[in-house]
**Q** 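The structure that follows is given in the form of structure tokens.
So that the names make sense, note that chain A is the first sequence line, chain B the second, and so on, each numbered from 1.
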Amino acid sequence: MDVVFQLLDISYEVEGGSPVIILWGRTEENNRIVIRYRGFHPYFYAVIEDPSRIEEVTRRIKALSESSSPIINVEPVKMRYIGRPIDALKITTLIPARVRAYREKVKKLEGVLDVLEADIRFSMRFLLDKNLYPMRWYMIKDVKEANSGSYRVKHVYEASNTEIIELEEYSNKDPLEDLRILAFDIEVYSEKGSPDPRKDPIVIIGYITSDMEEPELIIMKGKSDHVVIQKFVEVVRDYDPDIIVGYNQNGFDWLYLIERAKIHGIKLDIGRRLGAVPQPSVYGHVSVQGRLNVDLYDFAKEIHEVKVKTLEEVADYLGVMKKEERVILEWWQIPEYWKDHEKRDVLLRYTRDDVVSTYRLSEVFLPFGAQLSQISGLPLDQVMAASVGFRLEWRLLREAKKMGELAPNREERREESYTGAVVFKPEPGVHENVAVLDFASMYPNIMVKYNVGPDTLVRPGEDIDPENVYTAPFVGHRFRKKPDGFFKRAVSKLLDIRRRIKQEMKRYDPDSPLYRLLNERQKAVKILANATYGYMGWTAARWYCRECAESITAWGRTIILKAAEQARKLGLKVIYGDTDSLFVTYDQEKTRKLIEYVENELGFEIKIDKIYKRVFFTEAKKRYAGLTVDNRIDIVGFEAIRGDWSELAKETQFKVIEIILRKGSVDEAIDYVRKVIQQLYDKKIDLRKLVIWKTITKRLSEYVSDQPHVYVARILEKMGYKIVPGIKVGYVIVRGSGSLSRRARPYFMVSIEDIDTEYYVDKQVIPAAMRILKYFGVRETQLKTGKKTRSLLDFF
DNA sequence: GCCTTGAAGTTACCG
DNA sequence: ACCGGTAACTTCAAGGCG
């Protein structure tokens with residue numbers, strides 16, 4: 001029989017010494033199924049030094065075979081490697097576990113130049129070879145139904161090396177429709193410091209599913225969380241979710257649950273494979289067999305507008321749960337709210353709000369995740385956990401496979417830097433009526449136009465007719481015009497897909513589900529296309545090519561410089577530019593001519609991205625603030641949008657910018673700043689507005705200088721809190737003696753009385769305000785109120 | 001020994 | 001664990017001065 005199914009996830013098992021691929025899916029009737037696919041074996045390639053001696057090498061490889069898990073086939077194949085035809089041997093082994101050992105042995109054999117594609121995990125190998133993309137729909141031929149045995153699914157099918165065909169007509173179907181989602185969150189009680197799974201119990205597990213109106217809580221009674229965990233296992237099994245979502249559960253909840261379950265001797269048997277427990281896996285995600293365990297924090301990390309990415313902040317920013325309508329507790333308050341029975345209800349409410357926020361976040365994030373999964377080829381539970389580079393790489397591996405190109409190995413390389421983009425010096429001050437012109441996908445288009453890639457790169461010394469190559473400016477690297485390279489193909493395909501999606505979107509109402517689906521898809525495609533340049537310059541990339549990256553930026557510099565020159569020739573004033581954007585005084589006719597020039601003479605697409613009624617620059621690059629024609633304030637680069645300044649300083653700067661741009665009133669801006677400073681002196685400022693957040697980027701012992709956030713991190717560590725790279729530390733500066741760092745304190749340990757007002761006036765509010773006001777002739781002294789100013793004293 | 005200066009260290013931003 | 005270019009802060013040591 002044939003089965004139509006949506007591919008949700010993939011895993012494999014070894015059974016009777018033979019591997020079985022497990023495809024997890026669901027049918028059109030919304031039944032969960034497993035397809036057990038046999039006859040697929042792991043393999044890798046050996047590149048042969050001398051094709052005339054291929055038989056000799058084949059014999060040597062075969063001689064390595066061990067009877068317990070043998071090499072089952074060695075086959076000569078003609079492949080391509082970095083654009084050149086090569087002779088290789090495809091070595092197929094019986095089971096995945098032995099690939100590594102065989103790889104090492106084969107690598108050392110005489111006559112073998114290199115071993116390739118031995119580091120591709122078996123499940124992914126299958127997806128790659130069969131050209132399967134998770135979340136898409138397929139038909140598999142000639143399967144037999146078997147009894148469900150060890151799987152918690154409706155049907156199990158056995159397949160043996162049969163065809164799997166993609167069903168294109170399903171491509172606009174919502175991949176998430178009717179999937180069951182469960183959101184959960186755990187609360188842990190610890191007497192002091194960070195919770196320790198060896199002793200601190202899970203006191204609450206909250207959860208909500210697609211079928212529930214309200215969240216449920218499993219609450220610890222007595223002193224043991226045994227029942228809590230047990231109950232949670234039942235809940236998951238009963239509801240049988242396809243997708244489990246949480247917020248940072250890969251970094252915390254699962255690891256904690258796994259430890260606690262181990263202590264109680266509970267089997268966290270919550271997957272769709274009998275007896276399989278959650279398992280830490282690749283990219284730091286946790287794998288739950290047959291279910292997609294998606295950590296929404298991975299999505300949140302890409303929202304750069306939110307600086308401190310707690311669940312509350314992200315939910316508030318996205319509007320799924322406003323801070324006003326929920327209970328807010330901070331991590332350090334949780335023990336207090338559990339211990340104190342009077343307060344416990346607040347903690348319960350807090351957990352409910354967290355669970356609901358999490359579920360709602362999944363509604364916002366998963367549609368994009370599903371599309372990225374469909375486009376990149378990574379399962380949904382891995383795709384956001386994987387870094388940008390890996391997501392793109394999986395897509396590239398698929399392109400390579402189609403072209404018969406072998407994937408290079410990952411290797412350790414020395415960092416070699418190269419020149420990047422140009423940034424123009426801005427014209428300081430306020431400019432009226434400014435158009436921002438943006439090149440459309442500049443780097444991807446350079447790649448396509450000049451056929452840039454490791455396989456088209458002409459190596460130094462190679463003799464080739466200059467007619468047949470594109471030569472990069474400044475750096476002189478040459479790229480063959482023909483044939484189309486690997487990157488050109490991959491990138492133009494992505495650009496093309498995106499164009500088509502955008503075209504299709506025009507046919508639908510922006511509020512329609514299909515429009516939204518397509519929009520998520522085009523975003524996913526864009527992300528991959530935009531990552532290609534950075535990927536080429538990434539030393540850990542399989543297709544690392546410094547010359548390529550360097551050539552792309554060189555072409556980019558030439559293009560933007562030429563465009564700027566032409567703008568000036570046309571009589572447009574170039575106020576600023578960065579990489580692929582030009583800020584020019586807006587003149588409709590001249591701008592049109594410039595756009596034409598860029599299209600016809602340079603061969604690139606440039607468009608008006610936005611028009612500012614007024615835009616302000618300082619001498620600094622990468623910083624400006626503007627008022628758009630639709631009356632929105634844009635702030636770029638300034639303190640007001642940086643996460644490492646106090647909210648008070650940011651807010652003050654924002655207001656100053658707003659007053660200047662909207663009203664043009666310097667006096668009003670000065671007045672505003674003075675009031676803020678007065679409030680600070682009067683201590684009428686919410687302490688939370690004084691907190692400065694900074695990320696700890698390495699182990700505390702590795703810091704050479706004790707900056708404030710490092711000093712505070714050490715205090716927290718002494719208090720028993722775990723400090724790991726990546727965490728954000730919130731601190732305030734208090735009065736006292738010693739360096740700034742020595743006066744930094746965790747924000748929740750001080751009151752407004754302790755605050756060093758002078759610091760906030762002189763090092764936060766005034767610098768942030770002066771950054772702008774300086775350009776309007778304002779002096780620092782004008783911002784200070786009744787208090788005697790230091791500069792006045794200095795004067796005498 | 002004190003004050004100034006600039007390099008080094010650090011973080012977060014832009015495109 | 002995608003790139004280089006950039007601003008701006010704090011610390012810390014060197015250098016100048018007396």
**Q** Taking any heavy-atom pair under 4.0 Å as a contact, classify A:His304: base, sugar-phosphate, or nothing.
**A**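 Since no nucleic acid heavy atom lies under 4.0 Å of A:His304, the category is nothing.
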**Q** For the residue pair A:Tyr612 and A:Asp634, confirm or rule out a side-chain donor-acceptor distance under 3.5 Å.
**A**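 Result is yes, a qualifying pair exists.
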**Q** Between the side chains of A:Tyr775 and A:Glu619, is a donor N or O closer than 3.5 angstrom to an acceptor N or O?
**A**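 Per modelled atom types, A:Tyr775 and A:Glu619 side chains form a pair under 3.5 Å.
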**Q** For A:Trp693 and A:Tyr747, I'd like to know if the aromatic rings sit close, meaning centre-to-centre distance below 6.0 Å.
**A**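 A:Trp693 vs A:Tyr747: aromatic centres under 6.0 Å.
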**Q** Side chains of residues 706-716 of chain A: which donor-acceptor partners sit under 3.5 Å, not counting sequence neighbours?
**A**
from     : atom 1 : to       : atom 2 : distance (Å)
A:Asp706 : OD1    : A:Arg714 : NE     : 3.3
A:Asp706 : OD1    : A:Arg714 : NH2    : 2.7
A:Arg714 : NH1    : A:Leu700 : O      : 3.4

**Q** Could you list where the contact with chain A starts and ends along DNA chain B, reading 5' to 3', using a 4.0 Å heavy-atom cut-off?
**A**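 Going 5' to 3' along DNA chain B, contacts run B:dG9 to B:dG15.
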**Q** Is it true that a side-chain atom of A:Glu605 and a backbone atom of A:Phe439 form a donor plus acceptor pair closer than 3.5 Å?
**A**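 Here the side-chain-to-backbone pair does not exist.
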**Q** Would you check if the distance from the ring center of A:Tyr418 to the ring center of A:Phe474 is below 6.0 Å?
**A**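 No.
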**Q** Under 4.0 angstrom, heavy atoms only, what part of the nucleic acid is A:Ile641 near: base, sugar-phosphate, or nothing?
**A**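 Sugar-phosphate only.
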**Q** For A:Glu427 and A:Tyr576, does a side-chain donor sit closer than 3.5 Å to a side-chain acceptor?
**A**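 Absent: no donor and acceptor within the cut-off.
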**Q** Name the nucleic acid region contacted by A:Lys425, choosing base, sugar-phosphate or nothing; use a 4.0 angstrom heavy-atom cut-off, strictly under.
**A**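 No contact at all - A:Lys425 keeps every heavy atom at 4.0 Å or more from the nucleic acid.
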**Q** Within the 4.0 Å heavy-atom criterion, would you say A:Phe439 contacts the bases, only the backbone, or no part of the nucleic acid?
**A**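 No contact.
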**Q** For residues 734-743 of chain A, which residue pairs qualify under salt bridge (Lys or Arg N to Asp or Glu O under 4.0 Å), counting only residues two or more places apart or in two chains?
**A**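 Listed once each, the pairs are A:Arg743-A:Asp756.
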**Q** Once salt bridge (charged side-chain N to carboxylate O under 4.0 Å, His left out) is applied, do any residues pair with A:Lys449, and if so which ones, sequence neighbours excluded?
**A**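 Here no residue qualifies.
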**Q** Below 3.5 Å is the cut-off: list the nitrogen or oxygen pairs between protein and nucleotides 2-4 of chain C, distance only.
**A**
from  : atom 1 : to       : atom 2 : distance (Å)
C:dC2 : OP2    : A:Ser387 : OG     : 2.4
C:dC2 : OP2    : A:Gly389 : N      : 3.4
C:dG4 : O3'    : A:Tyr418 : O      : 3.2
C:dG4 : O3'    : A:Gly420 : N      : 2.8

**Q** Using only heavy-atom distances, determine whether the side chains of A:Gln279 and A:Ser287 contain a donor-acceptor pair under 3.5 Å.
**A**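 Judged by distance alone, the side chains do not pair up.
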**Q** Taking the six-membered ring for Trp, are the ring centroids of A:Trp538 and A:Phe390 within less than 6.0 Å of each other?
**A**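 That pair passes the under 6.0 Å test.
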**Q** Could you write nucleotides 9-14 of chain C as a row of B, S and -, 5' to 3', where a protein heavy atom under 4.0 Å of any base atom gives B, of only sugar-phosphate atoms gives S, and otherwise -?
**A** SBS---
**Q** Under 4.0 Å between any heavy atoms, over every strand shown, what does A:Tyr703 touch: base, sugar-phosphate, or nothing? Just pick one.
**A**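 The residue A:Tyr703 makes sugar-phosphate contact but no base contact.
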